[in-house]
Amino acid sequence: MNAIAKLKTDITPDGPDYNTVRRVIELITEDYRDQPSLETIADRLGQSPTQLQKTFTRWAGLSPKAFLQAVTLDHAKRLLREEDLPLLETSFEVGLSGPSRLHDLFVTHEAMSPGEWKAKGGGLVIRYGFHISPFGLALIMVTDRGLAGLAFSDSGDEKACLEDMSCRWPNAQYVEDLQATMPYAARIFEPSKWSSEQPLRVVLIGTDFQVRVWESLLKIPMGRAVTYSDIARDIGQPTAMRAVGAAVGRNPVSFVVPCHRALGKNGDLTGYHWGLTRKRAMLGWEAGRA
DNA sequence: TTGGTAATCGACA
DNA sequence: TGTCGATTACCAA
C-alpha cells in the first residue's frame with residue numbers, strides 16, 4: 001500500500017462499512033412496507049445475519065432493529081415533533097465569527113461574499129483531498145482561513161464530485177494535498193474529537209441570503225431536525241421557504257453545516273445534493289449518537 | 001389518500 | 001425580465 005492509499009484508509013477504519021449500510025438503506029427504502037427482517041436483508045446482500053449485525057453496530061452505534069426504525073419516516077416525524085424546546089431560537093448568539101452549535105460539533109465561521117471572493121482573484125489556493133468517511137468518500141477543501149468545502153462521492157465518481165465543487169469557485173487554484181485535508185477528515189467524522197475549546201474553522205462562501213440560511217442550519221442540534229419553513233421563519237422571511245430550499249441545496253460544506261437535518265413539513269426527506277440515501281444514512285448515524 | 005396548482009422569492013442568464 | 005427550485009397549503013376526485 002502506498003503512502004497516499006494508507007492515508008486514506010487510516011482515517012476511519014470502518015469506512016468500507018458504508019457500502020453495506022448504503023445497500024441496506026436502499027433495500028429498506030424500496031420495500032419499507034414489508035418491514036423486511038434482518039435475515040431477509042442479509043440474504044439479499046449475501047451476508048450472514050450475524051455479520052450484518054456486527055457491521056451495523058459498529059457503524060451506527062445502534063442495533064440493526066433500532067437503526068431500521070431510525071431510518072423510517074416515523075422517526076423523521078418524531079425529530080420534528082419533539083420541538084418543545086425552541087430549537088433555532090436558542091443555542092448561541094450567532095454572529096460572524098462566533099461559535100455555534102451548542103450540542104455537538106462547534107464551529108466558528110466567517111462569511112465571504114462572492115464579491116470579496118472574486119476580488120481576491122485567482123490568488124486563492126484551495127487544497128483538497130478525498131478521504132474515507134462513514135458516508136463514503138469525502139472530498140475536503142480547505143483554504144488558509146479554514147474549511148471551505150465538504151462533499152461526498154461513491155468510489156469511482158471522484159472526478160465528477162471534484163468538478164461539481166470546483167466549478168463553484170472558478171477562479172481558485174486547486175492543489176491536491178492530503179496532508180492538509182487529513183486532519184479535518186479525522187476531526188469531522190469522529191464525535192469524540194468534537195470540542196468547544198477548539199472549534200472547527202469554516203469559511204462560508206456565498207451570498208448574504210445563503211449565509212444566513214446556513215447559519216440557521218448550524219443551530220440545529222445533533223439528532224434533531226427542522227423544516228424548510230422553520231428556517232425561513234428563523235431568518236425573518238417566513239414566506240421564503242422555497243428560496244430557503246434552494247439555498248440549503250447549495251450548502252458547500254455539507255455535514256458540517258447540517259443540511260441533512262432539514263426535512264419536509266410532513267417528515268419526508270425531500271432532497272439531498274449527494275443523494276437521499278446518504279441523507280438517510282446521516283440521520284440514522286446521528287440517531288445512534290445523539 | 002393522491003394529484004394538480006398557485007403563491008412566493010432569491011439566483012442566474 | 002423570465003425561468004427554476006432540496007416548499008407549502010389547498011382543493012378536487
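Below, chain A is the first sequence line, B the second, and so on; all start at residue 1.
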### Task
Using whole Å, report how far CZ of A:Arg212 lies from P of B:dA11.
9 Å
### Query
When you check the gap from the basic side-chain N to the acidic O, do A:Asp144 and A:Arg201 get nearer than 4.0 Å?
no
### Query
Taking side chain as C-beta onward, heavy atoms only, is A:Leu263 less than 4.5 Å from A:Thr270?
no
### Query
Which whole-number value in Å describes the distance from A:Met241 CE to B:dA11 C1'?
18 Å
### Task
Measure from CD1 on A:Ile235 to C1' on B:dC9 and round the result to the nearest Å.
10 Å
### Query
Atom CH2 of A:Trp214 to atom P of C:dA6: distance rounded to whole Å?
14 Å
### Query
Taking the side chain of A:Gln210 as heavy atoms from C-beta outward, which of C:dT8, B:dT8, B:dA11 is closest to it?
B:dA11
#### Entry: Distance in angstrom units between A:Asp268 CG and B:dG3 P, rounded
13 Å
#### Entry: A:Cys259, nearest nucleotide to its side chain (from C:dT8, B:dT8, C:dA6)
C:dA6
### Summary
Picking from B:dA11, B:dG10, C:dT8, the nucleotide nearest the side-chain atoms of A:Ala243 would be B:dG10
### Message
If you assign each of A:Lys265 and A:Val244 to its closest nucleotide in DNA chain C, which residue comes earlier from the 5' end?
### Response
A:Val244
### Summary
Taking a pair to mean Watson-Crick or G-U wobble geometry with both distances below 3.5 Å, B:dT8 pairs with none
### Query
Under 4.0 Å: is that the gap between some side-chain N or O of A:Ser229 and OP1 or OP2 of C:dT7?
no
#### Entry: Rounded distance in Å - CG (A:Leu269) to C1' (C:dT7)
14 Å
### Summary
Taking C:dA9, B:dG10, B:dT8 as options, the one with an atom nearest any side-chain atom of A:Phe209 is B:dG10
#### Entry: Distance test, side-chain N/O of A:Thr207 to OP1/OP2 of B:dG10, below 4.0 Å
no
### Task
Please state how far atom CG in A:Asn251 lies from atom C1' in C:dG5, giving the value in whole angstrom units.
16 Å
### Summary
Applying the 3.5 Å cut-off to both distances, the Watson-Crick or G-U partner of B:dG3 turns out to be C:dC11
### Task
Whole angstrom is fine here: how far is it from CZ in A:Arg233 over to P in C:dT7?
17 Å
### Query
Under 3.5 Å, is there a donor-acceptor pair between the side chain of A:Ser216 and the main chain of A:Arg212?
no
### Task
Would you mind telling me which residue lines up with the more 5' stretch of DNA chain B, A:Arg242 or A:Ala246, judged by nearest nucleotide?
A:Arg242
### Task
Just compare C:dG5, B:dG10, C:dT8 and give me whichever is closest to any side-chain atom of A:Gln237.
B:dG10
### Query
Which residue, A:Thr239 or A:Arg250, contacts DNA chain B at a nucleotide closer to its 5' end, judged by nearest heavy atom?
A:Thr239
### Query
Any chance CD of A:Glu26 has more than 12 other-residue heavy atoms, nucleotides or ligands included, within less than 6.0 Å?
yes
### Message
Out of the candidates A:Val256, A:Leu204, A:Val253, only one should pair with A:Val107 under the side chain to side chain contact (heavy atoms under 4.5 Å, CB included) rule; please name it.
### Response
A:Val256
